[in-house]
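The structure under discussion appears below in the form of structure tokens.
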Number of protein chains: 2
Amino acid sequence: MVEKFKEPQDSQTAEVDFGDFRMTKQRRAVFDVLHAERDHPTASEVYIRAKEQMPSISLATVYNCLETLTQAGLVKQVNVDREASRYCPNLKPHAHFFCSHCQEVYDVDLRPSADAVEPWALPEGSIVEHVEVAMKGCCPNCRGAGTKANA
Amino acid sequence: MVEKFKEPQDSQTAEVDFGDFRMTKQRRAVFDVLHAERDHPTASEVYIRAKEQMPSISLATVYNCLETLTQAGLVKQVNVDREASRYCPNLKPHAHFFCSHCQEVYDVDLRPSADAVEPWALPEGSIVEHVEVAMKGCCPNCRGAGTKANA
DNA sequence: GTGAATGCAAAACCTTTGCAACTGG
DNA sequence: CCAGTTGCAAAGGTTTTGCATTCAC
């Protein structure tokens with residue numbers, strides 16, 4: 001279920017240098033943790049979960065692995081607020097929606113044939129290599145459940 | 001030039017509670033710093049600049065002031081990567097473009113009658129209160145000057 | 001075998017907090 | 001006057017680093 005390291009999962013994983021990528025137990029464990037839940041755990045949360053399978057793993061190694069996997073294009077780092085970075089195995093272009101009621105993080109797909117950069121008046125000649133979109137608000141669940149969900 | 005604290009500068013500053021907003025020398029200094037350069041300084045940078053005009057100001061106070069001004073809707077906090085937050089006095093809806101060559105941060109306006117959320121397939125019933133868009137790439141200046149500008 | 005990766009602990013960095021002194025309305 | 005703000009220093013949380021040991025290729 002997770003045996004697809006060398007398959008670029010979408011067209012974004014072009015310049016990955018797998019020749020320089022040593023697949024250690026720890027990197028595998030971190031990768032597996034991210035794919036097991038598909039929520040958006042922080043490094044600490046990944047550490048806690050990875051420790052269940054591999055008690056000897058260290059937090060520094062989790063950070064190293066997340067960095068390596070991010071470099072390799074196998075994982076995306078999600079930055080919002082001043083909180084800890086979150087990590088996400090969804091390689092398709094997508095945005096993140098943070099519900100301020102239930103504190104959940106949801107992936108939001110790009111509409112078919114839409115372009116994330118489309119609404120923005122970029123100066124002529126700009127080259128956009130990366131776009132990160134973070135939305136905050138109230139998700140449909142919480143909205144249905146009243147304004148102060150999970151109170 | 002900076003005498004417009006109580007003028008909402010665009011339609012976003014609706015629920016600001018100015019009744020609870022005491023304009024101290026420090027808050028004024030921080031506000032002025034942000035408007036003087038209009039680059040996107042970090043809290044530390046604001047601190048250094050504010051200290052020139054007011055040597056007694058402390059870093060903690062700068063953080064406090066930035067927080068207060070952000071709450072009041074007079075300033076926007078910009079989060080990218082794991083670096084320190086940057087602050088921006090541009091209240092119009094806009095995105096940020098980080099040039100990875102010159103390290104500059106540019107504001108990018110929303111196209112007329114465009115919607116930042118438009119490209120995204122949000123689930124029915126979502127309420128978006130806030131959108132933060134950060135792009136990374138190469139700005140026209142650096143692109144013209146060759147790939148490794150400011151090297 | 002060997003260079004790269006790990007684990008540990010300590011450090012670095014950004015940001016917040018507690019509290020006495022001060023100040024703006 | 002007095003609640004709210006400041007300044008200082010210390011603490012908190014996240015992430016990085018140095019280095020000896022271990023491991024994947």
Side-chain angles (χ1 to χ4, degrees), chain A residues 3 5-6 16-33 40-72 74-88 103 105, chain B residues 3 5-6 16-33 40-72 74-87 105:
Chain A
E3 299 299 340
F5 276 111
K6 308 211 170 181
V16 177
D17 182 20
F18 283 111
D20 205 19
F21 189 94
R22 182 181 292 184
M23 183 47 60
T24 64
K25 289 183 200 118
Q26 290 84 352
R27 285 173 183 171
R28 162 58 59 94
V30 166
F31 184 89
D32 286 351
V33 162
H40 295 74
T42 63
S44 299
E45 288 164 350
V46 171
Y47 173 56
I48 292 167
R49 296 182 199 172
K51 239 177 145 54
E52 290 168 17
Q53 305 304 318
M54 177 182 284
S56 67
I57 199 170
S58 74
L59 180 55
T61 296
V62 169
Y63 274 101
N64 284 340
C65 294
L66 289 169
E67 164 73 10
T68 307
L69 293 169
T70 302
Q71 297 288 333
L74 294 171
V75 152
K76 280 184 177 174
Q77 187 179 27
V78 182
N79 297 301
V80 185
D81 284 338
R82 291 283 77 212
E83 296 159 12
S85 283
R86 298 180 168 278
Y87 294 86
C88 153
Q103 311 289 333
V105 179
Chain B
E3 299 300 339
F5 277 111
K6 309 211 168 181
V16 177
D17 182 21
F18 283 109
D20 206 18
F21 188 94
R22 181 183 295 183
M23 183 47 59
T24 64
K25 290 182 199 119
Q26 291 84 350
R27 284 171 184 172
R28 162 58 59 93
V30 166
F31 184 89
D32 286 351
V33 162
H40 296 72
T42 62
S44 299
E45 288 164 350
V46 171
Y47 172 57
I48 292 168
R49 297 182 199 173
K51 240 176 145 55
E52 290 169 17
Q53 305 304 318
M54 178 182 281
S56 67
I57 201 171
S58 74
L59 180 56
T61 297
V62 169
Y63 274 102
N64 284 340
C65 294
L66 289 169
E67 165 74 9
T68 307
L69 293 169
T70 302
Q71 297 288 335
L74 296 170
V75 154
K76 280 184 178 173
Q77 188 178 26
V78 182
N79 297 301
V80 185
D81 283 337
R82 290 283 78 214
E83 295 160 11
S85 284
R86 299 179 168 278
Y87 295 86
V105 180

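Residue numbers begin at 1 in each chain, while the letters A, B, ... track the order of the sequences.
When all heavy atoms of A/Phe21 and A/Leu69 are compared, the closest pair comes out as CZ-CD2, 3.7 Å. Shown here for A/Glu45 and A/His40, the closest heavy-atom pair between the two residues is OE1-O, 4.2 Å. Closest approach of B/Tyr47 and B/Ile57 over heavy atoms only: CE1-O, 3.3 Å. Closest heavy-atom contact between B/Arg82 and A/Ala84: NH1-CA, 3.9 Å. Between B/Leu59 and B/Ala43, the shortest heavy-atom distance links the atoms CD1-O, 4.3 Å.
Closest to the side chain of B/Arg22, from the set D/dG4, D/dC23, D/dT6, is D/dG4. Proximity note for B/Arg82 (side chain, C-beta onward) versus D/dA3, C/dG7, D/dT14: the nearest is D/dT14. Considering only side-chain atoms of A/Lys25, the nucleotide from D/dT14, D/dA24, C/dG7 that sits closest is D/dA24. Distances were taken from every side-chain heavy atom of B/Arg27 (C-beta onward) to each of D/dT6, C/dC14, C/dT23; the shortest belongs to D/dT6. With C/dG7, C/dT23, C/dA4 as the candidates, the nucleotide lying closest to the side chain of A/Gln26 is C/dG7.
When each of A/Glu67 and B/Ile57 is assigned the nucleotide of DNA chain D with its nearest heavy atom, B/Ile57 is the one assigned upstream, toward the 5' end.
Contact check for B/Tyr87 versus B/Lys76: no side-chain heavy atoms found under the 4.5 Å cut-off.
In this structure, A/Asn64 places its CG atom 13 Å from C1' of D/dC19, rounding to the nearest Å. We find that CD1 of A/Ile48 is positioned 10 Å from P of D/dT14, with the value rounded to whole Å. Distance CZ (B/Arg86) to C1' (C/dC14): 13 Å, rounded to an integer number of Å. Note: CE (B/Met23) to P (C/dG25) measures 9 Å, nearest angstrom. Spacing between atom CD of A/Gln71 and atom C1' of C/dA5 amounts to 15 Å, rounded to whole angstrom units. Atom-to-atom, CZ of B/Arg28 to P of D/dT5 comes out at 16 Å; the value is rounded to the nearest Å. One can place CD of B/Glu83 at 13 Å from P of D/dT15, the figure rounded to the nearest angstrom. Atom-to-atom, CE of B/Met54 to C1' of D/dT6 comes out at 10 Å; the value is rounded to the nearest Å.
No contact: A/Thr68 has no heavy atom under 4.0 Å from any strand. Note on A/Leu59: a base of the nucleic acid sits closer than 4.0 angstrom, heavy atoms only. Across all strands shown, B/Thr42 has no heavy atoms under 4.0 Å from either base or sugar-phosphate atoms. Among the protein residues, B/Ala60 comes within range of the nucleic acid bases, having at least one heavy atom under 4.0 Å from a base atom. In this structure, B/Thr24 reaches the sugar-phosphate backbone alone: every heavy-atom distance under 4.0 Å involves primed, P, OP1 or OP2 atoms, never a base. Note on B/Ser56: only backbone sugar-phosphate atoms sit closer than 4.0 angstrom, heavy atoms only; bases stay farther off.
Checking the phosphate oxygens (OP1, OP2) of D/dG7, a side-chain nitrogen or oxygen of B/Ser58 falls inside 4.0 Å. Checking the phosphate oxygens (OP1, OP2) of D/dT15, a side-chain nitrogen or oxygen of A/Ser85 falls inside 4.0 Å. Phosphate proximity of C/dT16 to B/Tyr63: absent, as no side-chain N or O sits under 4.0 Å from OP1 or OP2.
Judged by distance alone, the side chain of A/Gln53 and the main-chain N or O of A/Ala50 form no donor-acceptor pair under 3.5 Å. The backbone N or O of B/Arg22 lies less than 3.5 Å from a partner atom in the side chain of B/Arg27, making a donor-acceptor pair.
Between the axis at the start and the axis at the end of the helix from C/dG1-D/dC25 to C/dG25-D/dC1 there is an angle of 50°, using five pairs per end and rounding to 10 degrees.
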